[in-house]
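The structure under discussion appears below in the form of structure tokens.
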Amino acid sequence: MRQRVFSGARPTGRQHLGNYLGAIQNYVALQDAYDCIYCVVDYHALTTMVNPRELRGNIQDMVLDWLAAGMDPQRSIIFVQSHVPQVAEFHLLLSMVTPLGWLTRLPTFKEKVRQQPDNVNYGLVGYPVLMACDIALYKASLVPVGDDQLPHLEFSREIVRRFNHLFGPVLVEPEAKLTTVPRVMGLDGVNKMSKSLNNHIELAATPEETRRRVMSMVTDPARQYRTDPGHPEVCNVFSLHKVYSPGQVAQIEADCRSAAIGCVDCKKLFAANLNRTLAPLRERRASLAGQPELVRQVLADGASRAQVIAAQTLREVKEAMGL
Ligand code: SF4
């Protein structure tokens with residue numbers, strides 16, 4: 001029996017390098033050794049204001065990128081959270097065993113209140129309960145997380161433990177599958193790469209757009225003139241060269257330090273390597289996008305497979321609770 005892995009991602013639309021290096025490539029690799037369930041968590045997206053048309057488009061775009069990157073709907077269950085209605089009922093039931101104080105004390109909740117003071121909705125408070133439901137409903141034993149997400153997973157584990165303590169050992173307490181999640185910086189070199197900051201490079205961007213964005217990247221601020229020696233260790237272009245220019249890194253580092261290469265040429269080299277690496281993914285994406293029914297079919301199939309597991313868990317939960 002292979003262990004079951006669950007991971008969810010908010011529908012953020014077209015994916016960027018940060019999404020790929022931080023999550024998607026790991027999702028693809030995990031498929032070899034585990035039974036994976038990957039969920040587009042659209043209910044979670046509703047805790048912040050959303051535009052319905054944009055939400056649907058974002059799901060479509062994100063799943064297209066996932067498939068193009070190698071997430072395989074034959075091997076993994078890929079589905080949308082709200083297509084499995086059992087999760088909403090399960091959320092209600094798990095909310096009954098979650099003390100309110102646990103939720104309102106969470107730093108993530110306080111941060112959200114600070115970010116959106118005009119929209120502190122009920123769903124926002126229950127967000128971590130819904131996260132626990134996502135994992136526990138599918139009895140996933142492993143959740144891929146980076147160090148920084150361990151407290152979130154621990155919270156889910158606490159809810160599961162509390163449920164099992166009160167009603168018997170029905171739910172599986174998930175373990176962390178620790179992964180190294182590189183912090184991919186944006187074009188500004190200061191903030192994490194993110195679509196909302198518009199400092200990102202989309203996986204499916206055209207080669208020209210990719211080049212344009214790369215050429216706008218902030219480099220070593222101490223390098224004012226072409227003849228100034230550079231400090232690759234503080235340069236985001238160099239960090240990404242390490243991923244996309246294997247075999248050339250030592251040379252680039254030496255050339256930067258000795259000012260043998262200027263930032264413009266260095267970025268051109270990076271853009272060329274990035275475009276070459278992403279070309280097969282982009283080709284696959286274009287071909288998948290030419291099959292308008294494909295994403296709908298993948299998600300419908302994923303939802304029906306997920307529902308089988310979800311219905312069984314919910315039956316066990318309700319029975320344990322005396323319903
Ligand atoms: S030469 Fe390259 S690595 Fe060095 S500072 Fe410029 S862009 Fe960065």
Side-chain angles (χ1 to χ4, degrees), residues 9 12-29 61-62 65-66 68-70 144 146-149 178-286:
T12 50
R14 288 164 76 105
Q15 302 288 278
H16 54 67
L17 290 188
N19 302 131
Y20 182 78
L21 298 173
I24 300 172
Q25 67 172 1
N26 191 35
Y27 286 174
V28 174
D61 277 332
M62 185 157 119
D65 280 336
W66 279 6
D147 282 3
D148 57 332
Q149 295 165 311
L178 265 182
T179 52
T180 327
V181 179
R183 192 171 154 78
V184 182
M185 306 306 285
L187 304 181
D188 51 25
V190 180
N191 297 297
K192 211 172 142 186
M193 188 174 281
S194 119
K195 192 174 171 179
S196 56
L197 295 175
N198 193 24
N199 66 358
H200 61 303
I201 300 174
E202 288 179 352
L203 296 175
T206 63
E208 294 69 35
E209 169 71 0
T210 303
R211 232 181 329 268
R212 197 180 60 72
R213 293 216 151 220
V214 168
M215 295 318 285
S216 75
M217 286 177 79
V218 173
T219 64
D220 172 8
R223 231 185 147 187
Q224 300 282 332
Y225 299 102
R226 167 70 181 77
T227 47
D228 291 338
H231 307 84
E233 66 278 6
V234 300
C235 174
N236 192 27
V237 179
F238 186 68
S239 314
L240 289 170
H241 265 307
K242 287 184 190 164
V243 181
Y244 291 100
S245 310
Q248 293 171 289
V249 177
Q251 188 66 50
I252 293 165
E253 180 171 8
D255 288 351
C256 173
R257 291 193 193 285
S258 64
I261 189 171
C263 291
V264 170
D265 287 335
C266 188
K267 288 186 204 176
K268 281 183 183 162
L269 177 65
F270 169 57
N273 289 345
L274 180 58
N275 277 331
R276 192 177 326 107
T277 309
L278 291 180
L281 182 152
R282 289 169 173 170
E283 264 174 46
R284 272 195 303 276
R285 192 189 197 278

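We count ligands from 1, going down the list as the structure has it; atoms in each ligand are counted the same way.
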With backbone taken as N, CA, C and O and side chain as the heavy atoms from C-beta onward, which portion of His231 lies under 4.0 Å from ligand 1: side chain, backbone, both, or neither? neither
Selection from Ala260, Pro229, Gly189, Cys256 by shortest heavy-atom distance to atom 4 (Fe) of ligand 1: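 Nearest option to atom 4 (Fe) of ligand 1, by heavy atoms: Cys256.
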Determine yes or no for a side-chain-to-main-chain donor-acceptor pair under 3.5 angstrom, with Lys267 supplying the side chain and Met217 the backbone.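 Here the side-chain-to-backbone pair exists.
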Between Arg282 and Leu203, is there a donor-acceptor pair closer than 3.5 Å when you use the side chain of the first and the backbone of the second?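 Checking the backbone N and O of Leu203 against the side chain of Arg282, a donor-acceptor pair under 3.5 Å is found.
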Enumerate the atoms of ligand 1 whose separation from the nearest heavy atom of [X] is less than 4.0 angstrom.
X: Asp220; value: 5 (S)
X: Arg223; value: 1 (S), 6 (Fe)
X: Phe238; value: 3 (S)

Report the C-alpha separation of Arg285 and Asp65 in whole Å, then their side-chain angles, then the decisive distance to 0.1 Å, and conclude whether the salt bridge (Lys or Arg N to Asp or Glu O under 4.0 Å) test is met. CA-CA 7 Å; Arg285 192 189 197 278; Asp65 280 336; 2.5 Å; yes
Please list the nearest protein heavy atom to atom 7 (S) of ligand 1 with its residue and the distance rounded to 0.1 Å.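 Atom 7 (S) of ligand 1 sits closest to the protein heavy atom Thr219 CG2, 3.5 Å.
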Work out whether the distance between some heavy atom of Lys267 and some atom of ligand 1 is less than 4.0 Å.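 Under 4.0 Å: no for Lys267.
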Less than 4.0 Å is my threshold; does some heavy atom of Cys235 fall inside it relative to ligand 1? yes
Mind running side chain to side chain contact (heavy atoms under 4.5 Å, CB included) on Gln15 and Ile24 for me, showing each step along the way? CA-CA 9 Å; Gln15 302 288 278; Ile24 300 172; 3.8 Å; yes
Nearest heavy-atom approach of Ala68 to Leu281 is CB-O, 3.7 Å
Between Glu253 and Lys242, does any NZ, NE, NH1 or NH2 come within less than 4.0 Å of an OD or OE carboxylate oxygen? no
Verdict with reasoning, Val218 to Leu187, per side chain to side chain contact (heavy atoms under 4.5 Å, CB included): CA-CA 6 Å; Val218 173; Leu187 304 181; over 6 Å; no
Within Cys263, is some N, O or S atom less than 2.8 Å away from atom 6 (Fe) of ligand 1?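 Given the 2.8 Å cut-off, Cys263 counts as a ligand of atom 6 (Fe) of ligand 1.
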Please state whether the separation between atom 2 (Fe) of ligand 1 and some N/O/S atom of Cys266 is under 2.8 Å? yes
